[in-house]
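Okay, structure first, notes after.
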Amino acid sequence: MISKLEHPLEMLSTEEISLAYEIYKSSEGYDNATHFSQISLVEPTKEFLKDFKTGDPFEREVKLIGRDSVLDGGFVATINLTNKTLNVERVSNSAQVQYTVQDIFTAMTLLKEHPDYQVAMKKRGITDMEKVQIDPWPAGGIVHENIKQGHRALKGISFFKEDAGDNPYAKPINGVIGHVDLTLGEVVCVEDHGVDPIPEAKSNYDAASQTILRDEPKEIKITQPDGVGFSVDRNKISWEGWDVRVSLTPDEGVVLHELSLNDRPILFRAAMSDMVVPYGSADPMHSWKAVHDGTEYGFGRMSNSLSLGCDCLGEIHYFNSSGISFDGSVEVIENAICLHEEDYGIQWKHNDGMGAPNEVRRSRRLVISSISTIGNYDYGLFWYLYLDGTIEAEVKLTGIVGISSYNEEKHNPNQDLRISKELVSPVHQHLFCMRLDWNLDGGNNQLFESEIELMPDDDNNPHGMQFQSVSTHLKTEHEAKRDISPATSRVWKVVNPKKKNGMGLPVAYKLLPGNTPKMLARDDSPPAKRASFGKHNLWGTPFNDGEYAAGGANSVMHSGEGGLEDITSGDRDISNCDLVTWYTFGVTHVPRPEDWPVMPVEYCGFHLIPVGFFDENPTINLPPNCSSDKNK
């Protein structure tokens with residue numbers, strides 16, 4: 001029995017997932033080799049959602065993705081849960097559906113049982129396979145010659161664990177790369193690039209392994225004795241004039257739906273579309289790496305169950321998320337999304353010494369977050385809503401850097417950085433592409449680039465001090481392929497030309513970039529082809545249903561088909577349209593000793609800031625709340 005739903009964007013329930021599995025299991029396409037990658041809600045059309053009123057009837061559809069005995073890229077089944085009908089499409093063998101947990105364990109088992117792999121381990125003095133940890137990595141991009149075209153594959157790299165609780169990444173097994181053809185169920189090659197000594201230091205990071213623990217910092221208690229300032233109705237959140245629905249999808253992680261402020265729509269949908277981690281090292285253990293962490297393994301599928309007091313601090317509301325396991329059973333991630341408020345320092349202040357009032361107001365923000373662990377890296381995806389209408393997206397990167405045993409003869413110190421006496425870590429990038437589907441004040445929107453230019457030297461500018469802000473209307477997809485320019489204070493504005501503020505100017509929001517790179521790999525390199533979204537920081541497209549994947553719909557083993565370069569190849573008109581912007585941001589990580597054994601959080605992101613959306617400071621009417629009486 002499926003619980004009654006009130007809105008078509010509510011997150012999938014365990015009952016719905018079980019029903020979808022039963023419908024597919026009873027279909028002709030199901031066989032003994034069927035394994036599932038993911039399940040997600042098929043969101044209704046924009047038109048339907050914009051017209052939807054509480055109480056209106058609606059149907060629920062899901063997309064169930066997996067693979068079976070057919071030797072192609074897998075299946076995508078669209079299942080109508082209301083009518084109990086389904087339609088199945090096959091993925092061509094030019095790509096593969098998302099990896100499953102079963103794929104990972106199959107690759108690990110096949111490698112450990114293979115004679116060539118055992119010989120390679122024995123050359124390094126390892127005979128107990130229980131002490132070897134294998135990390136399977138996606139095999140697309142630079143594909144080994146023994147992997148046949150259209151086959152599903154993984155590459156395995158190895159680490160030595162003396163004890164079960166040890167940090168495996170402290171003891172990399174250099175030189176050995178195992179290639180597993182999952183389609184054939186075989187190890188097709190075990191590369192051995194030579195033996196290097198396995199590091200001696202354990203570098204465990206748990207508290208019990210530290211020689212001395214510093215004194216514990218004094219406790220900070222965050223309490224809200226009057227209760228939280230937000231309200232939650234199923235997956236709809238309301239706070240200080242903001243309204244938004246949240247969900248968590250297998251690929252994207254946290255998704256914001258129908259974001260509005262004071263009943264004025266801003267974003268129809270916002271989510272991380274894809275990400276890529278290209279490495280810049282010549283070390284054969286890393287030179288092929290450019291994993292799409294978000295879509296090859298699933299950013300949402302790999303979400304953590306968050307802990308009060310550690311992952312989230314304060315008065316917390318959690319959202320659970322339900323998915324499907326490879327065998328069709330339901331998986332529930334408890335506390336997958338964290339919701340809370342934070343004090344954020346000063347909102348505005350002025351101290352006047354000439355008789356006018358001295359005033360200050362406190363800022364606060366609403367935090368919507370999740371954390372995903374994909375292999376050695378941990379990623380926090382945070383959305384912040386502020387009192388003044390600002391929206392911020394932030395990724396927090398932590399976890400353990402990729403490593404190799406240090407070999408002075410093999411490693412270029414400018415590519416492979418020393419992080420300990422025995423270890424190096426390669427320079428690499430983390431690039432995230434955020435898809436922003438605009439609905440700014442309703443209707444069509446326009447995209448402008450604004451930057452600062454110096455005024456010419458003339459009689460009006462005798463000292464060469466003057467500059468101005470100039471804006472350029474980006475009218476086509478090709479014109480909208482843009483990169484950051486901190487030297488000219490470049491920003492991009494989304495404008496609603498039909499909605500004017502009190503000064504008669506069109507309302508707008510600007511995208512304020514952070515300090516971010518774009519992809520450094522050559523444009524015709526495998527990572528750049530597969531993750532073309534990394535070639536530019538900004539892209540603009542007209543909304544087209546189905547265009548959600550910045551790197552293509554199925555990134556496993558693919559060559560970039562259907563990514564942003566393909567999507568924008570027609571150079572469509574975006575001069576006044578249902579606008580979607582795609583913003584790529586991230587970090588180029590040059591590892592340092594302080595990143596070992598677990599790296600402190602590194603931050604990247606961007607802001608969306610109102611520009612003429614209001615007629616004055618929207619927080620000018622905040623009541624004063626800083627008196628000594630209130631703080632007693």
Can you give me every donor-acceptor pair (side chain of residues 47-57, partner residue at least two apart or in another chain, under 3.5 Å) with its distance?
residue: Lys53; atom: NZ; partner: Asp51; partner atom: O; Å: 3.3
residue: Asp56; atom: OD2; partner: Lys53; partner atom: N; Å: 2.9

- prompt: Of all residues at least two apart in sequence or in a different chain, which pass the side chain to side chain donor-acceptor pair (under 3.5 Å) check with Ser209?
  reply: Asp206
message: Any side-chain to backbone donor/acceptor pair from Ser305 onto Glu334? Under 3.5 Å, distance only.
response: yes
Ile374 backbone acceptor or donor facing Asp293 side chain under 3.5 Å: no
- prompt: Who passes salt bridge (Lys or Arg N to Asp or Glu O under 4.0 Å) against Arg530, sequence neighbours left out?
  reply: Glu296
message: Please determine whether the number of non-hydrogen atoms from other residues, nucleotides or ligands lying under 6.0 Å from atom CZ of Arg362 exceeds 12.
response: yes
Nearest non-hydrogen partners of Val277 and His428, listed with the distance: CG1-CD2, 4.1 Å
message: Using every non-hydrogen atom in the two residues, find where Asp233 and Arg245 come nearest and quote the distance to one decimal.
response: O-NH1, 4.5 Å
message: Please enumerate all residues that pass ring-ring contact (aromatic ring centres under 6.0 Å, His included) together with Tyr21, with sequence neighbours excluded.
response: Phe36
- request: Check whether any side-chain heavy atom of Leu366 sits under 4.5 Å from a side-chain heavy atom of Trp242, and report yes or no.
  value: no
- request: Count the heavy atoms belonging to other residues, nucleotides or ligands that lie under 6.0 Å from CG of Asn621, then report whether that count exceeds 12.
  value: yes
- prompt: If every non-hydrogen atom of Leu622 is compared with every non-hydrogen atom of Arg361, which pair is closest and at what distance?
  reply: O-NE, 2.6 Å
- request: Taking all heavy atoms of Tyr509 and all of Gly389, pick out the closest pair and write down the distance.
  value: OH-O, 2.6 Å
Set of salt bridge (Lys or Arg N to Asp or Glu O under 4.0 Å) partners for Asp578, sequence neighbours left out: Lys46
task: Any chance you could lay out the side chain to side chain contact (heavy atoms under 4.5 Å, CB included) test for Ser322 and Leu12, step after step, and finish with the verdict?
output: CA-CA 7 Å; Ser322 299; Leu12 286 177; 5.6 Å; no
field: Asn496 side chain vs Gly442 backbone, donor-acceptor pair below 3.5 Å
entry: yes
- prompt: Considering only heavy atoms from C-beta outward, does the side chain of Thr390 approach that of Pro610 to under 4.5 Å?
  reply: yes
query: Is a side-chain N or O of Arg152 found less than 3.5 angstrom from the main chain of Val556, in a donor-acceptor match?
result: no
statement: Heavy-atom nearest pair, Pro600 first then Asp595, reads CD-OD1, 3.9 Å
Partners meeting side chain to side chain donor-acceptor pair (under 3.5 Å) with Thr249 (sequence neighbours left out): Glu252
- prompt: By ring-ring contact (aromatic ring centres under 6.0 Å, His included), which residues pair with Phe585, not counting sequence neighbours?
  reply: Phe432, Tyr583, Phe606
Derivation and outcome, side chain to side chain contact (heavy atoms under 4.5 Å, CB included), residues Val244 and Ile368: CA-CA 11 Å; Val244 63; Ile368 303 167; 4.2 Å; yes
message: Between Asn439 and Ile266 (side chain of the first, backbone of the second, donor and acceptor by atom type, cut-off under 3.5 Å), is there such a pair?
response: no
- request: Give a yes or no on whether the backbone of Glu547 and the side-chain of Asn544 come within a donor-acceptor separation of less than 3.5 Å.
  value: no
- line: Output for pair (Ile324 CD1, Ser329 OG), nearest 0.5 Å, gives 7.5 Å
field: Ser273 side-chain N/O to Ala550 backbone N/O, donor-acceptor pair under 3.5 Å
entry: yes
- prompt: Are more than 12 heavy atoms from other residues, nucleotides or ligands located less than 6.0 Å from atom NZ of Lys236?
  reply: no
statement: Sorted by chain and number, sequence neighbours left out, side chain to side chain contact (heavy atoms under 4.5 Å, CB included) with Ser303 holds for Leu248, Ile333, Ser372
field: Non-neighbouring partners of Phe614 that pass ring-ring contact (aromatic ring centres under 6.0 Å, His included), sequence neighbours left out
entry: none
- prompt: For the side chain of Gln98 and the backbone of Thr295, is there at least one donor-acceptor N/O pair under 3.5 Å apart?
  reply: yes
message: Just so I know, are the side chains of Ser369 and Ile337 near enough to count as touching, which here means a heavy-atom distance under 4.5 Å?
response: no
message: Before you tell me yes or no, could you show the steps for Asp311 and Asn304 under side chain to side chain contact (heavy atoms under 4.5 Å, CB included), namely the whole-Å CA-CA distance, both residues' side-chain angles and the distance that decides it to 0.1 Å?
response: CA-CA 10 Å; Asp311 298 311; Asn304 295 181; 5.6 Å; no
message: Would you say that more than 12 heavy atoms from the other residues, nucleotides or ligands in this model lie under 6.0 Å from the CZ of Phe58, or not?
response: yes
query: For Leu9, does its backbone N or O pair with a side-chain atom of Asn235 as donor and acceptor, under 3.5 Å?
result: yes
query: Can you list the residues that meet the ring-ring contact (aromatic ring centres under 6.0 Å, His included) rule with Phe75, with sequence neighbours excluded?
result: Tyr24
task: Begin from the C-alpha positions of Ile567 and Trp539 and carry the test side chain to side chain contact (heavy atoms under 4.5 Å, CB included) through to its verdict.
output: CA-CA 10 Å; Ile567 289 172; Trp539 305 69; over 6 Å; no
task: State which residues pass salt bridge (Lys or Arg N to Asp or Glu O under 4.0 Å) with Lys289; sequence neighbours excluded, sorted by chain then number.
output: none
query: What pair of heavy atoms forms the shortest contact from His340 to Phe230, and how long is it?
result: CA-CE2, 4.0 Å
message: Can you confirm whether Glu89 is buried at CD, in the sense that more than 12 heavy atoms of other residues, nucleotides or ligands lie under 6.0 Å from that atom?
response: no
field: Set of residues satisfying salt bridge (Lys or Arg N to Asp or Glu O under 4.0 Å) with respect to Arg365, sequence neighbours excluded
entry: Glu342, Glu392
query: Sub-3.5 Å donor-acceptor pair from the side chain of Trp348 to the main-chain atoms of Thr619, do we have one?
result: yes
task: Describe, in one word, how the ring planes of Tyr377 and Tyr379 are oriented to each other, choosing from parallel (under 30°), tilted (30 to 60°) and perpendicular (over 60°).
output: parallel
